[in-house]
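Because the structure is predicted, anything quoted here is derived from the model rather than measured. All ligand and atom numbering here is 1-based and tracks the order in the structure. In this chain, residues are counted from 1 in sequence order.
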Amino acid sequence: MQLTDTTPITLGVIGAGAMGTGIAHVAISNGITVKLFDSQAEAAIRARDSIAARLAKRVQDGKLDALHADTAVSLLEPQEKLEGLAGCDVVIEAIVEKLEVKSAVFQKLEEILPKNAIIASNTSSIPIGVLAAGCQHRDRIAGLHFFNPVPLMKLVEVIPGPDTRGDVIQVLMEFSRRIGKVPVLAKDMPGFLVNFGGRAFPTEGLAIVHEGVATPAQVDAVMRDCYGFRMGPFELMDLTGLDVNYPVTRLVHESFFFDPRLRSTPLHRYKMETGQLGRKAGRGFYQYGKETDALEEEERFTATPVQKVCVHGDEDKLIDLLLACNIGMEPDDDGSSAILIAPYGEDVSSYAANHGLDHRRVIAVDVMGDTSRRVTLMYAPGADETLRNGVAARFASERKVTLIEDSPGFIGQRIIAMLANLGCEMAQTRVASIDDIDNAMRLGLNYPQGPLEMADIYGVGRIYSLMEQLQRLTGDDRYRPSQWLRRRAQLGLSARTP
Ligand code: NAI
């Protein structure tokens with residue numbers, strides 16, 4: 001089967017839940033006839049009515065032409081039996097995530113459909129090869145993984161099984177474009193592309209909180225204000241729901257034979273098991289619907305601001321920040337002022353010990369991200385509280401301030417390095433092409449850049465050295481650099497070099 005812009009196509013959708021309804025919605029909106037079946041009586045009719053209501057609202061708001069809405073709804077044909085899908089060219093299965101239920105449907109589809117019809121699954125976690133294994137004509141079976149909510153999310157992952165024909169993949173890519181999506185080709189690996197690559201952001205945020213370095217609100221604020229993310233990891237987990245996020249994290253970790261890079265923390269599981277599922281439960285990492293929304297709380301620093309500081313090291317970005325904030329600098333250490341440093345990947349304790357500095361007066365500033373709105377400050381155990389709070393208060397008159405406990409790589413350096421490193425590992429293990437890795441992470445997760453682009457922006461050498469420092473100081477192989485990253489750093493190449 002070859003698909004062009006004008007080839008008429010009939011799509012079958014099985015499952016009229018959140019995903020099946022969304023897929024039917026985008027298909028009929030793009031002129032494709034859809035036969036929708038759900039094992040629950042009336043579910044397909046209810047799905048059609050809900051799509052019709054959504055389209056009617058868009059007409060009312062002046063965003064959609066009434067004729068277009070009517071035509072779209074007329075293209076949706078609810079079916080009472082699976083046999084009603086007999087004439088379909090492509091069938092997408094979007095039913096409950098249970099292997100035995102999906103396999104039974106696949107076997108029945110083989111009886112109903114002609115041999116050249118394509119069967120695709122929207123599964124998030126079952127390998128396509130496993131679904132196909134129970135079928136006779138495995139060459140027309142593939143994964144077509146949409147994201148929730150389907151009408152808004154542009155990305156679709158196309159996943160070949162071990163026997164899938166190339167032309168089947170081509171048709172699914174073309175079909176995805178026809179319904180307004182951006183398809184990426186992903187390997188049949190646990191989590192495919194996005195659910196694998198998306199593990200670094202939440203788990204490193206959780207690691208930072210687990211170590212008592214910062215609170216979820218502090219982590220989120222830094223990732224938003226200094227690193228350009230629309231949401232921090234904890235807001236994102238609350239939005240998607242811990243009942244979705246935790247099982248995916250666990251599945252991917254287990255599937256990669258407990259690779260520490262993908263490891264989460266006990267708090268993640270605890271939130272899920274205690275029903276603190278996020279927005280939908282009114283409580284997750286934040287409380288919702290209360291007068292004081294923790295998301296909006298900003299730290300206040302009321303100490304007497306220091307007037308001058310000393311600077312150790314020659315990081316220009318620190319000097320520029322101090323100049324921009326009009327903070328006076330002593331030419332040398334006067335023995336009493338705070339000593340400001342701007343380490344990459346090193347914590348205050350290690351830096352002070354290595355350079356013979358008085359750790360009580362050392363305050364570290366993260367200058368890797370954008371410091372024009374928020375500044376992250378970090379101190380060692382035993383820090384002089386008056387001095388520390390005085391430095392925080394001085395910055396707070398110019399910027400928002402996040403004051404955290406000692407950590408190699410602050411908040412942002414750690415999360416960015418982990419994201420970029422996992423992106424490099426995805427490239428190394430050929431999960432997808434370089435372009436698809438970056439596109440998928442931007443479109444599927446709303447990251448400001450793809451992970452390989454991120455490595456290039458912050459510096460491949462810098463990211464590699466951050467990972468090395470993190471691994472050395474923590475002794476944790478969670479932070480071992482990807483070989484893809486190491487080679488490109490050693491050769492001075494872009495992370496996107498094939
Ligand atoms: P859902 O629970 O909202 O809907 C599933 C529907 O399938 C229900 O209406 C149910 O009655 C129907 N169903 C169950 N067994 C059936 C059978 N044997 N034959 C016909 N219909 C049957 O589930 P949701 O969220 O729409 O997920 C569907 C699939 O999409 C799953 O494989 C899931 O992993 C995957 N997925 C879900 C995403 C999400 O964010 N919800 C994102 C991407 C993929």
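Within the 4.5 Å cutoff, the side chain of Ile208 has heavy atoms near those of the Ile415 side chain. Contact annotation: the side chain of Leu144 never approaches that of Ser121 to less than 4.5 Å [non-hydrogen atoms, C-beta and beyond]. Contact of the Val59 side chain with the Asp65 side chain is not registered, since no non-hydrogen atoms from C-beta on lie closer than 4.5 Å. With contacts defined as side-chain heavy-atom distances shorter than 4.5 Å, the pair Ile112/Val91 does not qualify. Side chains of Asp366 and Met378 form no contact here, defined as non-hydrogen atoms less than 4.5 Å apart.
Atoms of ligand 1 lying under 4.0 Å from at least one heavy atom of Val105, given by number and element, are 18 (N). Ligand 1 places these atoms under 4.0 Å from at least one heavy atom of Ser124: 33 (C), 34 (O), 35 (C), 36 (N), 37 (C), 43 (C), 44 (C). Close approach of ligand 1 to Lys102 is summarised as follows: ligand atoms under 4.0 Å from at least one heavy atom of the residue are 31 (C), 32 (O). Interface of Gly15 with ligand 1, defined as ligand atoms under 4.0 Å from a residue heavy atom, comprises 7 (O). Per-residue contacts place Glu97 under 4.0 angstrom from the following atoms of ligand 1 (heavy atoms of the residue considered): 31 (C), 32 (O), 33 (C), 34 (O). Per-residue contacts place Thr123 under 4.0 angstrom from the following atoms of ligand 1 (heavy atoms of the residue considered): 32 (O).
For ligand 1, one of its N or O atoms has an N or O atom of Met19 under 3.5 Å away. Checked against a 3.5 angstrom limit, the closest N/O atoms of Ile14 and ligand 1 fall outside it. Below 3.5 Å of separation, one finds an N or O of Asn122 facing an N or O of ligand 1. Residue contacts with ligand 1: His145 is placed with no nitrogen or oxygen under 3.5 Å of a nitrogen or oxygen of the ligand (distance criterion only). Remark: ligand 1 and Glu93 share no N or O pair separated by less than 3.5 Å (distance only, no angle test). Checking only distances, Ala43 never comes within under 3.5 Å of ligand 1, N or O to N or O.
Regarding atom 7 (O) of ligand 1, its nearest protein heavy-atom neighbour is Ile95 CA, 3.5 Å. Distance from atom 11 (O) of ligand 1 to its nearest protein heavy atom, with residue and atom name: Asp38 OD1, 2.7 Å. From the protein, the heavy atom lying nearest to atom 3 (O) of ligand 1 is Ala18 N, 3.1 Å. The single protein non-hydrogen atom nearest to atom 1 (P) of ligand 1 is Gly17 CA, 4.0 Å, given as residue, atom name and distance.
The side-chain contact (heavy atoms from CB on, under 4.5 Å) test with Phe229 singles out one residue from Leu236, Asp220, Ile416, and that residue is Ile416. For the salt bridge (charged side-chain N to carboxylate O under 4.0 Å, His left out) test with Asp243, the passing option among Arg269, Lys280, Lys271 is Lys280; the others fail.
With Arg478 contributing its side chain and Arg261 its backbone, the two residues share a donor-acceptor pair below 3.5 Å. Between the side chain of Thr164 and the main chain of Gly161, a donor-acceptor pair closer than 3.5 Å is present.
Residues Tyr447 and Glu453 have side chains that never bring a donor and an acceptor to within less than 3.5 angstrom of each other. When only modelled atom types and interatomic distance are considered, Ser482 and Asn421 share no side-chain donor-acceptor pair under 3.5 Å. Side-chain N/O atoms of Asp370 and Ser372 include a donor and acceptor closer than 3.5 Å.
Protein heavy atoms are absent from the 4.0 Å sphere centred on atom 23 (O) of ligand 1. At least one protein heavy atom sits closer than 4.0 Å to atom 32 (O) of ligand 1.
Taking all heavy atoms of Ser121, Ser39, Ala41 into account, the minimum distance to atom 19 (N) of ligand 1 is reached by Ser39. With atom 15 (N) of ligand 1 as the reference point, the heavy atom nearest to it among Val96, Leu144, Thr21, Leu82 is part of Val96.
Only the backbone of Phe146 comes within contact range of ligand 1, with a heavy atom under 4.0 Å; no side-chain atom does. Proximity of Val101 to ligand 1, defined as any heavy-atom pair under 4.0 Å, is confined to the side chain (atoms from C-beta onward).
Ring-plane geometry between Phe196 and Phe256 is classed as parallel, the angle between the planes falling under 30 degrees on a 0 to 90 degree scale with a further cut at 60.
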